[in-house]
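Since the structure comes first, as structure tokens, the remarks are kept for the end.
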Protein chains: 2
Amino acid sequence: MTPGPSRSPAPETRDRILDAAEGLFVEHGFEATSMRMITSSAGANIAAVNYHFGTKDALIQEVFGRRLTELNRQRLAALDRLQAEAKGEPLKPSRIVEAFFGTALELAADTEHGGHTFMRLLGRTYTEPNAFVRKFMAEEYAEVLERFLGALYSALPDVPREEILWRFHFMMGAMSYAIAGTDSLQLFAGSFDDADPQRLMPRLMSFLLGGLRAPLAEFAQGAVQGGDREAA
Amino acid sequence: MTPGPSRSPAPETRDRILDAAEGLFVEHGFEATSMRMITSSAGANIAAVNYHFGTKDALIQEVFGRRLTELNRQRLAALDRLQAEAKGEPLKPSRIVEAFFGTALELAADTEHGGHTFMRLLGRTYTEPNAFVRKFMAEEYAEVLERFLGALYSALPDVPREEILWRFHFMMGAMSYAIAGTDSLQLFAGSFDDADPQRLMPRLMSFLLGGLRAPLAEFAQGAVQGGDREAA
DNA sequence: GTATGATTCAAACACACGTTTGAATTGAGC
DNA sequence: GCTCAATTCAAACGTGTGTTTGAATCATAC
């Protein structure tokens, strides 16, 4: 039962289901997207999803897996390239940030092959409550985060590691919202005519680097008066 | 049917349901939280929620309404105070940002009366797919965003309004993730021992102001080379 | 052409969902 | 003590969920 494709090259039903699921997950969320919505949108039978993937959770995992693995592979490749070019010299923090977030933004700018759709989904999923999804994401990110945080630690030896960690967290939030929140929540009513992903890249990069370079906060209570140490 | 409380002062069942719902929504999300989970957690009968609120959507709306209205009232009061003190002088952008985000961070630092729980929920909800929730949030935020963005436009007359809009968007993302993502996604494995909300405030503020002040990006394609104009 | 494995299909499974019902219980005002 | 409205309760409503079944169809190899 649930034999799985043994040696056939590319049955297209499987991919149609993945594409349909990806789009519907973005639009309605995981829980609110039913298997019947997915299969009918993909023009497949309801039983097809269990035949090809087993369970709904496994389908979710596969929706992420096929894109996230590749994204993180590219991120690591970009970091490898940087470190190879540097030949032992310390890396510029801005280049590290570009390798991580720029790679993601390039995927988000791809509106033709579903990259944009996926990045919207990914952005929302960082705060997804579903335990299964969380666990999967953590595993998928473990190596990448270790490598990039390590690179930043080396590039900024004078900045406390905890500060770097927090700022990386802040940066991920800014990027995720920039991508996921633009067209989903119309809080900023009618104002994002210029949601062109091509233009998002330089805008966001400038903001991220500004935040990374901000003076380190002192732990005075109340209003923040930034110190004069520069973080980056 | 569904008479609603007409003139009684404070039946406690209603509040127990709201508190239980708030906590469960944070933990599992809206869709994955059932009425039975809520009422059993609140020690109430399953029918109580429909008696007091009518529908699940109305309950969700009330969970947000009771806290978000107050938060935004405080934000506007803080801006009023700033503008009164300035007596016509232009406001410092950093003060405007503090009025908006600092007020929210203070609520997030309140772990005793559920403020922290609520802010985690709020952060995730900015990207919530549910159409009903989105519409409600947009209405609830309309006035506050108009006032604060207007204040920033006046404080930064030389910066294109679209840039200010984007940076505000980025800032909201950084804050939301900082609050919502800390304990939900353990991407940064085991590293956030120091998740003390009191310390989050100065850290995040420094980052946000750094991003706001970052040089404006030029729209060169490819890697970002920030211009030399300062945004704030 | 027939055998074999992969895939599709209509139908049903048991279960959980949000909501409703109508009777019981409570509590204050007279 | 009685009245009457507010509230609680057990039970059921109809519907949609993820998943499973077993037969039908398809495609390939011999």
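In the displayed structure, R95(B) atom CZ is contacted under 6.0 Å by at most 12 heavy atoms of other residues, nucleotides or ligands.
Of the residues in residues 30-44 of chain B, those with a non-hydrogen atom less than 4.0 angstrom from any atom of DNA chain C are T33(B), S34(B), M35(B), R36(B).
Spacing between atom CG of D15(A) and atom P of dT7(C) amounts to 12 Å, rounded to whole angstrom units. Nucleotide dT7(C) holds its C1' atom 14 Å from the CZ atom of F53(A), rounded to whole Å. One interatomic measurement links the two molecules: CD of E12(B) to C1' of dT7(D), which rounds to 13 Å at whole-angstrom precision. Atom CD1 in I46(B) sits about 16 Å away from atom P in dC13(D), given to the nearest Å. Here the C1' atom of nucleotide dT21(C) and the OH atom of Y51(B) are 15 Å apart, to the nearest Å. When rounded to the nearest whole Å, the span between CD1 of I17(B) and C1' of dT7(D) equals 11 Å.
At dT8(C), one or more side-chain N or O atoms of H52(A) fall inside 4.0 Å of OP1 or OP2 (strictly under the cut-off). Side-chain nitrogen and oxygen atoms of T55(B) include none within less than 4.0 Å of the OP1 or OP2 phosphate oxygen of dG18(C).
Nearest nucleotide to the side chain of N45(B), out of dC9(D), dT19(C), dT19(D): dC9(D).
Side-chain polar atoms of Y126(B) and Y141(B) form a donor-acceptor pair below 3.5 angstrom.
If one axis is set at each end of the helix from dG1(C)-dC30(D) to dC30(C)-dG1(D) from five pairs, those axes are 0° apart, to 10°.
Contacts of A48(B) with the nucleic acid, taken as non-hydrogen atoms under 4.0 Å apart, are absent.
Of the possible donor and acceptor atoms, one in the side chain of R167(B) sits under 3.5 Å from a partner among the backbone N and O of G211(B).
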